[in-house]
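Computation of the quantities below employed the complete heavy-atom set of this structure, encompassing side-chain atoms and omitting hydrogens, waters and symmetry-equivalent molecules. Bear in mind the structure is a predicted one, so any value in this text is a computation, not a measurement. Both ligands and their constituent atoms are indexed starting at 1 by order of listing.
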Amino acid sequence: TAAEPTQNLTDSPHYLAEALMKNGIKNMYGVVGIPVTDFARIAQGMGMRFIGMRHEEDAVNAAAAEGFLTGRPAVALTVSAPGFLNGLAALLEATENGYPVIMIGGSSTRHVVDMHEGEYEGLDQMNYAKAFCKESFRIDKIEDIPLAVARAMHIACSGRPGAVYIDFPDDAVAQTMDKDDAAAKLWVANNPAPAMPPAQSSIDDALKLLSEAKNPLMIVGKGAALAQAEDEIRAFVDKTDIPFQPMSMAKGLIPDDDPHCTASCRGLALRTADVVLVVGARLNWMLNFGQGKEWNPDVKFIQIDIDPAEMENARSIACPIVGDIKSAMTMLNAGLDKTPFKATSAWLGMLQADAQKNDEKFAARVNSGKVPMGHYDALGAIKKVYDKNKDLILTNEGANTLDDCRNIIDIYQPRHRLDCGTWGVMGCAVGYSIGAAVATGKPVLYIGGDSGFGFDGMEVEVACRYHLPITFVVLNNGGIYRGDFENLGDDGDPSPLTLTYDAHYEKMIEAFGGTGYYATTPDEVEQMVGEAVASGKPSFVHVQLADYAGKESGHISNLNPKPVVGPL
Ligand code: ADP
Ligand code: MG
């Protein structure tokens with residue numbers, strides 16, 4: 001029986017919710033069950049927002065999106081073993097991407113689990129989680145709750161941000177503590193994301209190198225978006241005229257239609273730049289590790305990163321700048337008074353001419369006039385809607401749907417694009433959409449392929465239940481990559497790549513009270529997406545593409561080994 005309120009006690013669920021809220025954590029996304037059902041209920045009653053999701057992976061993705069967008073972690077809540085395991089994939093994705101997030105997993109009675117007696121959903125979750133996040137804790141005593149939350153805040157937010165796991169076993173859930181004692185022991189994590197300015201000498205070296213460059217280029221990555229350094233970065237471009245290449249989730253830090261943006265002349269920019277200032281991007285597979293035929297063989301890199309271990313991960317870096325981007329860019333801006341440099345109009349002009357040529361090619365492709373449509377036709381129509389609604393947060397997943405959308409739809413504001421990220425995962429963007437809508441209150445436009453959407457599509461019910469202003473757009477070509485691969489004989493099984501082409505995805509949202517649309521031409525796409533966005537309500541536009549639209553493995557088919565012997 002519950003303790004009488006006159007006993008002046010608090011219990012672990014109340015105390016944990018209090019500690020989270022005191023640390024500025026507002027939202028929790030999760031799936032309840034044993035032993036955390038009451039924790040969710042109590043936190044909600046105390047003023048936290050609880051968003052009940054349909055799958056734990058999506059809950060972690062939603063919380064991670066909030067972390068990316070706000071810089072403040074949200075909580076993802078899971079039940080024991082299977083629920084916990086469902087959350088782990090997204091927990092590691094958040095860590096790989098550098099999104100701050102705290103996952104709390106209910107777990108089963110410690111000593112029974114530890115003796116392997118066959119406990120209900122018994123799993124040593126704290127140790128399983130270790131490989132999937134920056135740090136993993138277990139609360140064994142109610143007194144440790146403030147410590148767990150403060151440590152989680154510091155570790156999730158500082159350095160390269162990432163995920164923290166807190167294990168919450170049922171025997172800890174059931175503990176109580178004197179209320180006054182508990183209140184006296186609560187604290188707020190002090191400055192969990194401290195400025196970490198780099199050495200002045202590294203800034204001086206960088207400016208010297210830049211001032212000697214013929215073709216300087218800046219690469220802006222999602223670390224700069226996480227650092228919320230758009231003002232400093234824009235000031236640097238204003239002062240130096242340096243052209244910049246935005247990584248996909250850094251789009252909008254400086255608007256994509258800025259004349260310094262090299263998004264449409266990436267090839268030429270990378271091949272010709274001689275000094276490249278990398279701001280919050282890793283020289284990983286997405287940038288060909290900073291070497292090879294994509295790059296000028298004599299290129300020199302200046303790299304700003306908060307994580308010293310990132311330096312020279314794959315090649316030599318002429319000038320490493322270890323520190324946070326906001327501080328580093330502030331120092332670079334200040335240093336320009338002493339060591340000024342300006343990109344030449346010859347260099348900028350050469351890039352802009354190439355960009356214009358490529359833009360014209362793209363413009364022709366988005367107007368093929370063919371029905372059924374290809375990706376470009378549909379995305380060109382959606383671009384028209386986006387350009388009138390620049391406040392929309394865009395979430396994007398798929399293979400061709402991802403590649404083509406990134407190229408076609410310009411972004412104009414910081415942190416307005418969330419996508420498959422560092423690993424190129426599928427099944428992330430519906431969760432991201434929920435988190436983005438909840439965390440910012442802004443309208444969200446999801447654009448996914450029929451395959452990508454299938455991983456997390458059940459979350460449209462969540463969008464409807466919480467009346468979130470999300471428009472889901474699914475580009476359906478009936479398959480993974482595309483839908484026209486041959487089946488195994490006339491009556492045989494479908495190809496491994498095939499999905500249901502004549503599905504009616506828009507009916508899914510209708511089942512939950514949202515509005516569905518079915519579009520087959522660019523005009524219908526523009527009109528229906530426009531109407532859906534304007535409604536501010538959960539809605540779904542199913543866009544029918546040709547089953548032959550798209551290409552296998554999208555833009556990264558080079559990563560897919562082909563069979564060496566025998567036919568497919
Ligand atoms: P992209 O995918 O856009 O190329 P990455 O995720 O590969 O970007 O790289 C982002 C980099 O930014 C990471 O190496 C991370 O350590 C770094 N980073 C994140 N936040 C900050 C910050 N506040 N200051 C400096 N570097 C940061
Ligand atoms: Mg598809």
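- Tyr376 pairs by the ring pair (Phe, Tyr, Trp, His ring centres under 6.0 Å) definition with Phe362, not counting sequence neighbours.
- Across the listed options Asp305, Thr422, Val279, Asp305 owns the non-hydrogen atom lying nearest to atom 13 (C) of ligand 1.
- At a threshold of 4.5 Å between non-hydrogen side-chain atoms, the residues Asp419 and Met249 count as touching.
- Remark: the Glu66 side chain and the Tyr29 side chain contain an N/O donor-acceptor pair separated by less than 3.5 Å.
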Going through the checks in order, is the side-chain hydrogen bond (donor to acceptor under 3.5 Å, both in side chains) test met by His416 and Lys390? CA-CA 9 Å; His416 275 57; Lys390 295 178 177 163; over 6 Å; no
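- Residue pairs satisfying the side-chain hydrogen bond (donor to acceptor under 3.5 Å, both in side chains) criterion with at least one member in residues 309-323, sequence neighbours excluded, are listed as follows: Arg160-Glu310.
- Considering backbone and side-chain N/O of Ile306, one or more are found under 3.5 Å from N/O of ligand 1.
- Partners of His504 according to the ring pair (Phe, Tyr, Trp, His ring centres under 6.0 Å) rule, which considers only residues two or more places apart in sequence or in another chain, are Tyr518, His542.
- Pairing each heavy atom of Asp404 with each of Leu379, the nearest pair is CB-CD1, 3.5 Å.
- Considering both main-chain and side-chain atoms, Glu310 never comes within under 3.5 Å of ligand 1 through any nitrogen or oxygen pair.
- Rounding to the nearest 0.5 Å places OH of Tyr505 at 15.0 Å from CD of Glu510.
- Summarising the contacts of atom 9 (O) of ligand 1 with Lys222, Lys326, Arg282, the nearest heavy atom is found in Arg282.
- Interface of Met286 with ligand 1, defined as ligand atoms under 4.0 Å from a residue heavy atom, comprises 2 (O).
- Annotation for ligand 1: atoms under 4.0 Å from non-hydrogen atoms of Ala227 are 22 (C), 23 (N).
- Less than 4.0 angstrom separates some heavy atom of Arg160 from each of these atoms of ligand 1: 13 (C), 14 (O), 15 (C), 16 (O).
- What sits closest to atom 19 (C) of ligand 1 on the protein, heavy atoms only, is Gly223 CA, 3.7 Å.
- With contacts defined as side-chain heavy-atom distances shorter than 4.5 Å, the pair Arg271/Val299 does not qualify.
- Between Gly323, Gly221, Gly280, it is Gly280 that holds the heavy atom closest to atom 10 (C) of ligand 1.
- With Ser433 as the fixed residue, the side chain to side chain donor-acceptor pair (under 3.5 Å) test singles out one of Thr395, Asp58, Asn61, Thr471: Thr395.
- Ligand 1 places these atoms under 4.0 Å from at least one heavy atom of Asn284: 7 (O).
- Nearest protein heavy-atom contact of atom 25 (C) of ligand 1 is Ile325 CG1, 3.2 Å.
- Counting all heavy atoms, side chain and backbone alike, Phe485 lies closest to Ile480 at CE1-O, 4.1 Å.
- Residue-and-atom listing of protein N/O/S atoms under 2.8 Å from the Mg ion (ligand 2), sorted by chain and number: Asp450 OD1, Asn477 OD1, Gly479 O.
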